[in-house]
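Okay, so here's the structure we're looking at.
A, B, ... follow the sequence lines: proteins, then strands. Residue 1 opens every chain. Worth knowing before you read on, the calculation uses all heavy atoms, side chains too, and leaves out hydrogens, waters and symmetry mates. Note that this is a predicted model, so its numbers are computed, not measured.
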Amino acid sequence: MKSVVANKEKSVNSIAKMLSNKELVQSYLKGKVSLQTLITKGIKLGKPL
Amino acid sequence: MENHYSYSFNELARTYEFLTKNSLLYKVAFVVDTTFSTISGEEIEDVYQLVIDSVNDGFEHYDSKVAKTIIHLIESFFLNTSNSILYICSNDKGQAFVRSKVFDRWYRTSKLNTEILKVDKVFSINISDEVVESFYTSFLYHKANKNYEYLLMIYENLERSINDK
């Protein structure tokens with residue numbers, strides 16, 4: 001199995017991005033921001049079902 | 001009669017939606033999550049964040065079909081055993097810990113836990129010189145996921161890199 005060594009700064013930034021993405025998508029679901037805003041921020045909504 | 005609401009995918013909005021008997025519109029988004037890709041340095045597919053919200057801000061009467069509908073959605077999601085969910089609890093109003101407990105209770109009482117496994121991790125991050133904030137996360141994967149050991153290793157490395165002194 002491949003090994004992974006995570007860098008602390010990168011990891012902290014990833015968690016911060018995860019949370020900010022979630023908050024932005026919640027705002028989108030409530031109609032407070034547009035889909036275009038999500039796209040601009042690099043957020044993609046999937047259709048996994 | 002089905003014990004959950006019927007839902008559909010809104011192609012324009014890119015969300016799954018269902019309307020309850022109290023006329024509350026729920027929207028469910030599966031956000032493509034790149035956390036594991038960033039940490040591993042390679043493209044890791046089929047990892048999503050799940051975000052659920054009702055559109056109306058008004059009072060919600062208890063409606064057991066809402067939870068059943070969300071469980072049905074998640075069950076359908078995991079029919080593809082490669083799919084997984086990385087979940088982070090919002091700390092809105094300082095309630096991240098409470099939300100993590102509610103999420104855990106919901107998972108344990110659902111019938112999901114026979115096929116879908118959940119690993120929890122809390123990340124402690126200095127948000128200023130004196131304040132450390134706890135971020136409550138969970139990783140859900142199907143027990144038949146062929147890549148689960150690698151995914152768990154990335155998740156553990158993520159934790160180690162943040163929490164180790």
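- Tracing side-chain contacts under 4.5 Å through hydrophobic residues (I, L, V, M, F, W, Y), one reaches A:L45 starting from A:I39; they form part of the same cluster.
- At a 4.5 Å heavy-atom cutoff, the contact between A:N7 and chain B is made by backbone atoms alone.
- Between A:L29 and B:A29, the closest heavy-atom pair is CD2-CB, 4.2 Å.
- In this structure, B:K27 forms no cation-pi arrangement with B:Y7, as its terminal cationic atom is not both closer than 6.0 Å to the ring centre and no more than 45° off the ring axis.
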Derivation of the side chain to side chain donor-acceptor pair (under 3.5 Å) call for A:S11 and A:S14: CA-CA 5 Å; A:S11 298; A:S14 292; 6.0 Å; no

Candidate pair B:Y107 and B:N113, rule side chain to side chain contact (heavy atoms under 4.5 Å, CB included), full reasoning: CA-CA 7 Å; B:Y107 167 77; B:N113 56 16; 3.4 Å; yes

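- At a 4.5 Å heavy-atom cutoff, the contact between B:E42 and chain A is made by side-chain atoms alone.
- With no hydrogens or angles considered, a side-chain donor-acceptor pair links B:Y5 and B:D63 at under 3.5 Å.
- Interface remark: B:E159 contributes no atoms to any contact with chain A (heavy atom separation under 4.5 Å).
- For a residue to count as touching a neighbouring chain, one of its non-hydrogen atoms must lie under 4.5 Å from one of that chain's; by this rule B:N80 does not touch chain A.
- Residue B:L73 is grouped with residue B:L24 when hydrophobic side chains (ILVMFWY) are merged at heavy-atom distances under 4.5 angstrom, including chains of intermediate members.
- Note on ring orientation: taking the six-membered ring where Trp is involved, the planes of B:F123 and B:Y155 are perpendicular (angle over 60°, cut-offs 30° and 60°).
- A donor-acceptor contact closer than 3.5 angstrom links the side chains of B:N91 and B:E133.
- Applying the 6.0 Å contact sphere to CD of A:E9 captures no more than 12 heavy atoms from other residues, nucleotides or ligands.
- At a 4.5 Å heavy-atom cutoff, the contact between A:L35 and chain B is made by side-chain atoms alone.
- Both the backbone and the side chain of B:T38 come within contact range of chain A, each with at least one heavy atom under 4.5 Å from a heavy atom of that chain.
- Your options are A:M18, A:Q26, A:K44, A:E23, and the one with the most heavy-atom pairs under 4.5 Å with chain B is A:M18.
- In this model, a donor atom of one side chain and an acceptor atom of the other lie less than 3.5 Å apart for B:D33 and B:T35.
- Closest approach of B:S90 and A:L19 over heavy atoms only: CA-CD1, 4.2 Å.
- Only the backbone of B:L12 comes within less than 4.5 Å of a heavy atom in chain A; its side chain stays farther off.
- Proximity to chain A (any heavy atom under 4.5 Å) is shown, for B:F77, by both the backbone and the side chain.
- Contact residues of residues 136-148 of chain B toward chain A are absent (heavy-atom distance under 4.5 Å).
- For A:I43, the part lying under 4.5 angstrom from a heavy atom of chain B is the side chain only.
- Contact count versus chain A (heavy atoms, under 4.5 Å) is highest, among B:I88, B:I125, B:L86, for B:I88.
- The most heavy-atom pairs under 4.5 Å with chain A, out of B:Y16, B:F78, B:Y26, come from B:Y16.
- Among A:V12, A:V25, A:L49, the residue making the largest number of heavy-atom pairs under 4.5 Å with chain B is A:L49.
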